[in-house]
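Letters go in sequence order (proteins before strands), and every chain restarts at 1. As a basis for the values below, the full set of heavy atoms in this structure was taken, side chains included, without hydrogen atoms, waters or symmetry mates.
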Amino acid sequence: MYQYDSYDQAMVDARVEEFRDQARRRLDGKLTEDQFKPLRLMNGLYLQLHAYMLRVAIPYGTLSGGQMEALADIAEKYDRGYGHFTTRQNIQYNWIKLEDAADILADLSRHEMHAIQTSGNCIRNISADHFAGAAADEVVDPRPYAELLRQWSSFHPEFTYLPRKFKIAVIASEKDRAAMRLHDIGIRIVSRDGEVGAEVYAGGGMGRTPMIAPLIRDFVPIDQLITYAEAALRVYNRYGRRDNKYKARIKILVHELGAAEYTRQVEEEFAHMLAVGVEPPREELARIAAYFAPPAFVDGPKTLDRSDPDFALWVDRNTHRHKHDAYVSAVISLKPAGGIPGDATAEQMRVVAKLARDYSFDELRVMHTQNLLLPHVRIADLHAVWSALDAAGMGAPNMDTIEDIIACPGLDYCSLANARSIPLAQRISESFAAKGRTEVVGELKLKISGCINACGHHHAGHIGILGVDKKGKENFQLSLGGSEAEDVSLAKITGPGFDEDGVVAAVETVTDVYLGARQDGERFLDTYRRIGMEPFKEALYGG
Amino acid sequence: MADNLGTSPDEVQFRFRDDEPVDHGTVTVDACCDQTNATAVRIEPGDDARLLLPYLDRLALVEVNFPGFGDGRGYSSARILREAGYTGELRAVGDVLIDQLSHMRRCGFDSFAPDKRLDEDDALRAFATWENVYQRAADTRRIIADKRHEA
Ligand code: HEM
Ligand code: SF4
C-alpha cells in the first residue's frame, strides 16, 4: 500500500491548517457563506437536510486496517456510531458539526487520510478497480497510476475552479469493475508490444444527461500520462460550458463538439504541453509502484471443504479469482437483507479491520458497489473469515444479486432528493430474501437514485429506479437494461412511474418475466437484451 | 473608451515585481489585435489568450478579469501566456479571494487588484500556504517528485 512520505504528510497537514483558518474567518464573519461554500466543499463538507455531511476520500478505494479503525473512531466520536460507504469508494458521515470539522480532518491526517477534493468543481478522488492488485485478469496493478494522478490533481493550481466536478477512474483489465466509461475521464492501462500505456475515454457521466465516454486515445505512453491529462483538463477548463450548471460537465462539451473535435483540441494542447514539459520525473512512477509490490503470497490448499452449504454458497457468491491460486478476494457484504446499503457501524468496521490484519496483509478495499473487500485471503482461511463476518452481520452471500442494491442517501439525508431510496432498497432486498428468490434470480444489479442526479447509478442498473416528484408525492420511474461494466449501456425507462408499493411489485413483475423467458445461463440483462422491452412493458402495464 | 478599461496602479494590492507599473488603461483583446501600439490589455474569461501570442513583445501589462471567483478560465489564460514566454506584468483583477492567491501565483500572476481589498495578514499567510507543490505550473518551482529523486 502507498505510504505518505514527509512531503505528502506536510501537504495534508497544511490543508488542515488552511481549513482551520478558513473556518475561523467564516466564524469571524470575514467570509460570507457564499465564499466559504466552495472552500468547505473542497474539504468534503456539505450542508445537508439535518446537519453537515463530511465525505472522506479513500483514494482508489484502498485502506489499511488501522485506517479503517480510525474511520470507526471518527464515527463514534463525531457521528452517531456509523458511516456510509459510497459508490465512489469514499465514506460519508451524515451527522457532523461545523465546529468539529477541522479536528476530524486532523484525526484523518494522523492516519494518512483526508477529505481533500471530495466535492467542489475540482478533480475528485480517483477511483479504481476494487480488485486491483489481486485480480487474475489484470495487465498490471492500476493503483500506481491512480496515485500518480492523485498527487498531480491535488491542489492543482489551474484546475480548482473547473466548470463542474471532475471524476477519473483507472482500471487495467478487459473487465470493467469501476464504471470506467461513466466517468469524466476513464483510463484503462494496457500493454502493447510489452510497453505499458493508457487507453483514454472522455465525456462519460450519469446525472440528468447520462453518457458513455467515447475513446479519445488508444495509447498514451505511460510516461506522458500526466501531460495528456493536463491537456484534456485544460481544454475542458477553457471551453466547458459555464452558462448553465446542468450543461457544465465535460460530457456536454464532448457531445457538443463531437468526440473527434474534442480529441483534436486535446491533441493540439498535448503537443504543446509535451514541449512545455509538465511530466513528473520517470522515477516517480517507479517509486510509487514499489509501494504496491505484491505481498509475500505463500502456497497453500486450493480447494476447500464445502460440506457446510451456507459457507459454500457464500464462497460461490462472494469470492473472486485471485492471481495467486491459493488465494481469493472476499467480498464483505454491507447489504444485509432489509439493511441500509453501504452503512457500517463502528463495531463492524473494527471487525473488518481485524480480519484485514489477520488474513489479508492488512489491506482492505471499498467497492463501488458499496461493499468492502478483503483482497488477499488464503483459501485455507476462508472459513474462519466467513464465520467472523457472519457473526458480525456482514456474511450475506449476495454479491451482484438483487439484494446487493446500490442506493443513494435519498430523502433520508439529502437536500436535493425527491424520494427516499433507502427504505425502498430495504423493502426490495427483504422481500426477495424472505421469498428465497435471490439465488433463483441470480446476477441482477439493481440501482436506486433519489433524484435525477443519479448518485445511485440508476442509469447503469440492470434494473434502475429513479425517485421523482409527482405533484408533491414520491414517485418512482423504473428502467431496464443498463450496465456499468465492460458491456456498458444505459437503461431505458419502462413507462409511467409507480408509487412505492407499486414499484416494489413492479420489480417482482419484471423478474417474473425474466424467469419465464430466460434461456440457460442467461442473466437478467442478457434476457432483456435478447427479448427487448416489450414483454416487460406488457407485464407491467397490460397489453 | 479603451482608456477607461482596467485597474490603476493604486488599485493593485499585491505586486511581486520591481519595474514601474504601466500608468494607463488597458484595451480589449480585440482592440489589442487590431491596434499595433497597445501595451496593456485586459482578458475576459471568454477570450482566447492565445490570440495575444503574436504581440507579447510589446505588452507590458496583461490584466485577467475574474468577474466571479468561481470562473476558473483565467487560470488557464495566465499559464498559457507564461508558457509562451510572456514576462510582463500579469494582474489578476475582479473577484479575487484570499484562498485563490497561492494558486494564481502558481499560474503566473504577479500582481493582484481585488475588487474588495483583502486582509493583509490573511493574504500573506495565504500566499505562503504551500511549502511544496505536486505539479508543474508557470512558477517553475521544483516539484515534490523532483525533490524526491534528486541525487
Ligand atoms: C447526500 C449528499 C449528496 C449530494 C448533495 C450529491 C449531489 C450530487 C449532484 C448534484 C450530482 C449531479 C452532478 C452532475 O450531474 O453534474 C451528483 C452525481 C453523482 N453523485 Fe452525488 N450527491 C450526494 C451523495 C452521493 C453519494 C452518497 C454518492 C455515492 C453513493 C454519490 C455519488 C455520485 C455519483 C456516482 C454521481 C453521478 C455520476 C456523475 O455523473 O458524476 N453522491 N451528486
Ligand atoms: S441522487 Fe439525488 S437524492 Fe440521491 S444523493 Fe444524489 S442528489 Fe441526493
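Contact check for Ile143(B) versus Tyr7(A): no side-chain heavy atoms found under the 4.5 Å cut-off. Between Arg234(A) and Tyr75(B), every side-chain heavy-atom pair lies at or beyond the 4.5 Å cut-off.
We find the NE2-CZ distance between His103(B) and Phe155(A) to be 8.0 Å, quoted to the nearest 0.5 Å. The distance from the CD atom of Gln135(B) to the OG atom of Ser153(A) is 8.5 Å, given to the nearest 0.5 Å. We find the CZ-CG distance between Phe69(B) and Leu39(A) to be 7.5 Å, quoted to the nearest 0.5 Å. Between the CZ atom in Arg73(B) and the OH atom in Tyr161(A) there is a gap of 15.5 Å [rounded to 0.5 Å]. In this structure, His272(A) NE2 and Glu83(B) CD are separated by 3.5 Å, a value rounded to the nearest 0.5 Å. If you take OG on Ser76(B) and CD on Glu158(A), they are separated by 3.5 Å, rounding to the nearest 0.5 Å.
The pair Glu17(A)-Arg125(B) fails the salt-bridge criterion, with no side-chain N (NZ, NE, NH1 or NH2) lying under 4.0 Å from an Asp/Glu carboxylate O.
Residue pairs meeting the salt bridge (charged side-chain N to carboxylate O under 4.0 Å, His left out) criterion with at least one partner in residues 274-283 of chain A, sequence neighbours excluded, are Asp223(A)-Arg282(A).
Judged as a salt bridge (charged side-chain N to carboxylate O under 4.0 Å, His left out), and not counting sequence neighbours, the contacts of Asp28(A) are Arg24(A). Not counting sequence neighbours, the partners of Arg241(A) by the salt bridge (charged side-chain N to carboxylate O under 4.0 Å, His left out) test are Asp243(A), Glu256(A).
In this structure, the portion of Thr160(A) lying under 4.5 Å from any heavy atom of chain B is its side chain and not its backbone.
Close approach to chain A, defined as a heavy atom under 4.5 Å from one of its heavy atoms, is seen in Leu97(B), Ile98(B), Asp99(B) of residues 85-99 of chain B, taken by number.
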